[in-house]
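The sequence lines fix the lettering, A, B, ..., with proteins before strands; numbering per chain opens at 1. Here the structure is a predicted model, which is why all the values come from computation and not from measurement.
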2 protein chains.
Amino acid sequence: MSNDNIQQLVNRYVDVSFSVTKKAEALITEQLGSKLTHDQLYIIRYINRVGSCTSTALAEEFEVKKSAITAIINRLWEKGFIQRTRDEKDRRVVYLTLTEKGEELFWRIDKRIQQLVEELISQFEPSEIEQFIETYEKLNHALVEQKNKK
Amino acid sequence: MSNDNIQQLVNRYVDVSFSVTKKAEALITEQLGSKLTHDQLYIIRYINRVGSCTSTALAEEFEVKKSAITAIINRLWEKGFIQRTRDEKDRRVVYLTLTEKGEELFWRIDKRIQQLVEELISQFEPSEIEQFIETYEKLNHALVEQKNKK
DNA sequence: TTTAACTATTCAACAATTTAACTATAAGTA
DNA sequence: TACTTATAGTTAAATTGTTGAATAGTTAAA
């Protein structure tokens with residue numbers, strides 16, 4: 001593939017992924033109200049999925065330092081969305097879980113997001129969506145490989 | 001499409017787009033050194049493409065307030081990567097352009113990014129990439145439509 | 001000419017991030 | 001057992017990006 005072609009592909013990809021992310025987050029902002037930031041929603045979404053996890057796990061998952069996680073968790077804890085529970089066996093470890101209030105909030109926001117997505121994807125063939133996400137996941141895998149090579 | 005299917009698609013999409021963005025930015029971080037942040041690179045990339053633009057245009061393009069742009073531009077200006085030029089006809093307007101130093105920096109980083117992408121996309125069929133970006137652009141378009149509806 | 005609109009900036013407040021230092025706990029070793 | 005090293009999490013200072021409100025200067029409209 002020629003340099004010009006690659007240049008064009010990079011530009012198209014960067015533009016469209018940037019634009020889509022921005023627009024999707026703008027849509028979701030209305031659902032978040034002033035209760036959560038996007039990063040906070042991502043964290044809550046993750047904890048909801050795994051049920052319970054540690055700061056270290058979150059830091060690895062989100063590829064940031066642990067102190068960054070502490071800061072976000074503190075804010076969510078102050079708002080009453082997250083609980084901290086010390087492990088009795090290993091007292092260094094703190095397990096993070098959603099409170100009932102946190103679960104309820106996430107459930108409500110997630111439902112609204114699904115409604116928005118439903119409107120959106122009705123315009124696509126299911127096979128096109130499937131192919132799109134598959135290629136995206138393949139790209140993700142290729143990035144992991146490239147990272148491991150170094 | 002059933003609710004469960006939509007739920008699954010949303011989850012897969014959010015996960016993979018988040019993951020790819022993180023990993024791509026991690027790869028690029030090494031190229032940026034301590035000279036630029038990612039947002040600063042996005043801004044420089046845009047100005048490089050259009051040649052010259054205003055704060056207002058950047059604020060619209062990046063969907064943030066003008067004061068956020070002023071802050072970023074100030075930092076890039078302090079580092080000597082960006083020039084400000086007042087419009088003589090309409091003295092409210094300030095045109096932003098890259099300095100020679102800014103152009104040279106962007107050129108160097110962009111070249112490295114292309115090399116990285118080249119390694120990556122060699123693993124894909126050109127038609128698969130083309131289809132992927134087309135669907136992505138279609139999604140972007142659908143988001144614009146949905147936004148305008150409101 | 002006065003009023004309204006627009007362009008950009010400043011400032012205060014907050015969120016997310018990194019780096020470095022620190023506390024507490026657990027595990028390994030001599 | 002006592003010393004050392006490693007791990008989990010937090011704290012504090014500094015930087016960056018963000019919003020919202022206020023402001024200065026300029027242009028357009030009434």
Query raised in the report: Side-chain N or O of A:Arg84 less than 4.0 angstrom from OP1 or OP2 on D:dT10?
Result: yes

Query - Minimum side-chain heavy-atom gap A:Lys22-B:Val64 below 4.5 Å - result: yes

Query raised in the report: Atom CD of B:Glu78 to atom P of D:dG17: distance rounded to whole Å?
Result: 12 Å

Report task. Find the distance B:Leu76:CG to C:dT9:C1' and express it as a whole number of Å. Result -> 16 Å

Query raised in the report: On DNA chain D, nearest-nucleotide positions of B:Arg75 versus B:Lys89: which is more 5'?
Result: B:Arg75

**Report entry** Side-chain heavy-atom pair A:Gln123, B:His141 within 4.5 angstrom cut-off
**Finding:** no

Report task. Identify, with sequence neighbours excluded, every residue that meets salt bridge (charged side-chain N to carboxylate O under 4.0 Å, His left out) alongside B:Glu60. Result -> none

Query raised in the report: At under 4.0 Å, does any side-chain N or O of B:Thr37 touch on OP1 or OP2 of D:dG17?
Result: yes

Requested in this report: Starting at atom CG of B:Leu32, determine the distance to atom P of D:dT16, rounded to an integer number of angstrom.
Outcome: 14 Å

Report task. Find out whether A:Glu104 and A:Leu98 are in side-chain contact, i.e. whether some heavy atom of one side chain is under 4.5 Å from a heavy atom of the other. Result -> no

Query raised in the report: Any side-chain heavy atom of A:Asn11 sitting closer than 4.5 Å to one from B:Arg45?
Result: yes

**Report entry** Nucleotide C:dA8, atom C1' - distance to CD1 of B:Ile72 in whole Å
**Finding:** 15 Å

Requested in this report: Fit a plane to each ring of B:Phe132 and A:Tyr136, take the angle between them on a 0 to 90° scale, and name the class: parallel (under 30°), tilted (30 to 60°) or perpendicular (over 60°).
Outcome: perpendicular

Report task. In whole angstrom, give the distance that lies between atom CD1 of B:Ile73 and atom P of C:dT7. Result -> 16 Å

Query raised in the report: Stem ranges for DNA chain D, with three or more consecutive Watson-Crick or G-U pairs under 3.5 Å?
Result: C:1-30 with D:1-30

Query raised in the report: Within the pair A:Arg91 and D:dA8, is there a side-chain N or O less than 4.0 Å away from OP1 or OP2?
Result: no

Report task. Test side chain to side chain donor-acceptor pair (under 3.5 Å) on B:Glu119 and A:Gln146 and set out the steps. Result -> CA-CA 8 Å; B:Glu119 292 176 44; A:Gln146 195 171 45; 3.3 Å; yes

Query raised in the report: With a 4.5 Å heavy-atom cut-off, do B:Val94 and B:Ser55 have their side chains touching?
Result: no

**Report entry** Contact under 4.0 Å: B:Asn74 side-chain N or O vs C:dT10 OP1/OP2
**Finding:** yes

Query raised in the report: Between D:dG17 atom P and A:His38 atom NE2, what is the distance in whole Å?
Result: 17 Å

Requested in this report: Select one nucleotide: of D:dT27, D:dA8, C:dT10, the one nearest the side-chain heavy atoms of B:Asp90.
Outcome: D:dT27

Report task. Please tell me if the side chains of B:Lys23 and B:Leu27 come closer than 4.5 Å, counting only heavy atoms from C-beta onward. Result -> no

Report task. Please list, by residue number, the residues of residues 54-69 of chain B whose heavy atoms come closer than 4.0 Å to an atom of DNA chain C; answer none if no residue qualifies. Result -> B:Thr54, B:Ser55, B:Thr56, B:Lys66, B:Ser67

Query raised in the report: Once you round it to whole Å, what is the distance between C1' of D:dT18 and CD of A:Glu25?
Result: 13 Å

Report task. Return the nearest nucleotide to the side chain of B:Val94; candidates are D:dT26, C:dA26, C:dA8. Result -> C:dA8

Requested in this report: Taking the side chain as every heavy atom from C-beta outward, state whether A:Ile6 and B:Gln115 have any pair of such atoms under 4.5 Å apart.
Outcome: no

Query - Nucleotide nearest B:Arg92 when distance is taken to its side chain, options D:dG17, D:dG25, C:dT25 - result: D:dG25

Report task. Give the rounded distance in Å between these two atoms: CG of B:Leu96 and P of C:dA8. Result -> 8 Å

